Enquirer: 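Dropping the structure in here first, questions after.
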Number of protein chains: 2
Amino acid sequence: MSRETAIPRRSLHDELVERLRGLIVEGDLAPGDKISEKELCTAYEVSRTPLREALKVLAHEGLVVLTPHRGAQVSKLTVADLEDAFPVIGALEALAGELACERATDGEISEITLLHLKMRTAWKNRDRAKYFRLNQQIHEALALAARNPVLDQMRGMLSGRVARARYYANISAVRWDQAMKEHEEIVAALKARDGGRLGRVLKAHLRHKLETLRAVIGD
Amino acid sequence: MSRETAIPRRSLHDELVERLRGLIVEGDLAPGDKISEKELCTAYEVSRTPLREALKVLAHEGLVVLTPHRGAQVSKLTVADLEDAFPVIGALEALAGELACERATDGEISEITLLHLKMRTAWKNRDRAKYFRLNQQIHEALALAARNPVLDQMRGMLSGRVARARYYANISAVRWDQAMKEHEEIVAALKARDGGRLGRVLKAHLRHKLETLRAVIGD
DNA sequence: ACTTTGCATTTTGAATGCAAAAAAGAATAC
DNA sequence: GTATTCTTTTTTGCATTCAAAATGCAAAGT
């Protein structure tokens, strides 16, 4: 039996949390899917104990729903969830932006600028996948530059929870252009280290993102 | 086996999460304390499996630290943690305040006003414990009135993590009076349904709270 | 006396086992 | 043919067991 997929070495539940989160966020496990313990156990060749521990954590994170005696399923992503989550993400990112303006090193800022330029070319080439990935990287880098682990943890949790929505949302060309423009502003504000402005821009950016989703999913 | 202290009805791990969180937040388990699985198992008359599941969740929540093969301990509350957490809580509460101004029913507002009045008398009577409890209730009620479960979850997580600090902080009379004044403003802004103002006041309130803690804990 | 090494004990990580609850299926009544 | 109840199977929750890592201790060496 080939052992490629076997877990390398560290605590299994920890590894499993990461892998399962990946499966969910990447859409391999779709919202609403029932999660059979047995199935995953055989898939990853682990016993039920560490798997169950991992599921508990993911449930706490909001990615799966655990109903007693009825097992786990990937949490559905309702419009209401998005409506709730986005303002919170907006507030967190705004704070991250403010802090980043104070604390980011010049190196980090040019790093983010670089990512931004790459993203701009991806946008020009209409390369959705690459654009999306770079977009995420930029927001992560921004959160990192804020040097606030707590903030980063919260943001990561929520954005992971919401990232799945991108499979619903085939962003329109118009909105895409607008988002790109907003990103130009983001970088400009960061370079100017204007925390207040960056915070406002980020908040607006997230708000527009939600509006797009709302329109696409069809409220 | 005697069943009196046994957990009533629902999944054990869930119940355990709550109880252990209580122990930690209430200070019965002090920061830095080693958590022996065996000890807790006998205390609650459960086997290690659900207990371990609970510990995983709490670790994820940041209340305990899990080191592989070395067990769990109650996470310490460093000044750095507080410095990180408070701005985030501030941002979340500010958002909660803004939303509450839009969405709270008149009933909720008068409910909060009532809590506020009770808190004021507790303050007049120098009843720290009652003041603290009412203060927490007010902030919870505010978060509830925002009608955003995601926001509420995040806020609850962080404030639980930080609430333990109150055992360090013997609030000074001066700061106490200032906090009370800020609360007057909070209620005023809420009654006026002035979201922007409430947000700013809450942010400042949290900032001052942090400054107090910083002074009390040292450095 | 202090450090180091080997062994025993303890404690954790993961697997298996068992009982209860739910789901699925079969048989009967209508 | 449908609905209902009863049985069978599956799945989950928890306890127990097994294995490996870590800790404590004691004896030997410096």
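Per chain, numbering begins at 1; letters A, B, ... match sequence-line order. As a basis for the values below, the full set of heavy atoms in this structure was taken, side chains included, without hydrogen atoms, waters or symmetry mates. Keep in mind it's a predicted model, so treat the numbers as computed, not measured.
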Enquirer: Starting at CD of E15(A) and ending at P of dA14(C), how long is that distance when rounded to a whole Å?
Expert: 11 Å
Enquirer: Indicate yes or no: does E182(A) engage K209(A) in a salt bridge with an N to O separation below 4.0 Å.
Expert: no
Enquirer: Please collect all side-chain hydrogen bond (donor to acceptor under 3.5 Å, both in side chains) contacts where either partner lies in residues 109-119 of chain A, sequence neighbours excluded, each pair once.
Expert: H116(A)-E184(A)
Enquirer: For DNA chain D, find the residues of residues 48-57 of chain A with a heavy-atom distance under 4.0 Å and give them by number; none if there aren't any.
Expert: R48(A), R52(A)
Enquirer: Earliest and latest nucleotide of DNA chain D, 5' to 3', sitting under 4.0 Å from a non-hydrogen atom of chain B?
Expert: dC14(D) to dT23(D)
Enquirer: Is it true that R155(B) and E93(B) have a side-chain N and a carboxylate O under 4.0 angstrom from each other?
Expert: yes
Enquirer: Rounded to the nearest 0.5 Å, what separation is found between the CG atom of L12(B) and the OG1 atom of T49(B)?
Expert: 10.5 Å
Enquirer: From the options D152(B), L158(B), N148(B), select the one residue that forms a side-chain contact (heavy atoms from CB on, under 4.5 Å) with L92(B).
Expert: L158(B)
Enquirer: What is the distance, rounded to the nearest whole Å, between atom NZ of K34(B) and atom C1' of dT12(C)?
Expert: 14 Å
Enquirer: Give me each pair satisfying ring-ring contact (aromatic ring centres under 6.0 Å, His included) with a member in residues 129-159 of chain A, each pair once, sequence neighbours excluded.
Expert: Y131(A)-W176(A), H139(A)-H183(A), H139(A)-H205(A)
Enquirer: Got a sec, which pairs hit ring-ring contact (aromatic ring centres under 6.0 Å, His included) with one end in residues 58-106 of chain B, sequence neighbours left out?
Expert: none
Enquirer: Just jot down the side chain to side chain contact (heavy atoms under 4.5 Å, CB included) partners of A80(B), sequence neighbours excluded, or say none.
Expert: T78(B)
Enquirer: Rounded to the Å, how far apart are E37(B) CD and dA14(C) C1'?
Expert: 12 Å
Enquirer: Below the 4.0 Å mark, does dA14(C) have OP1 or OP2 next to a side-chain nitrogen or oxygen of H13(A)?
Expert: yes
Enquirer: When you match H69(B) and H69(A) each to their closest nucleotide on DNA chain C, which lands nearer the 5' end?
Expert: H69(B)
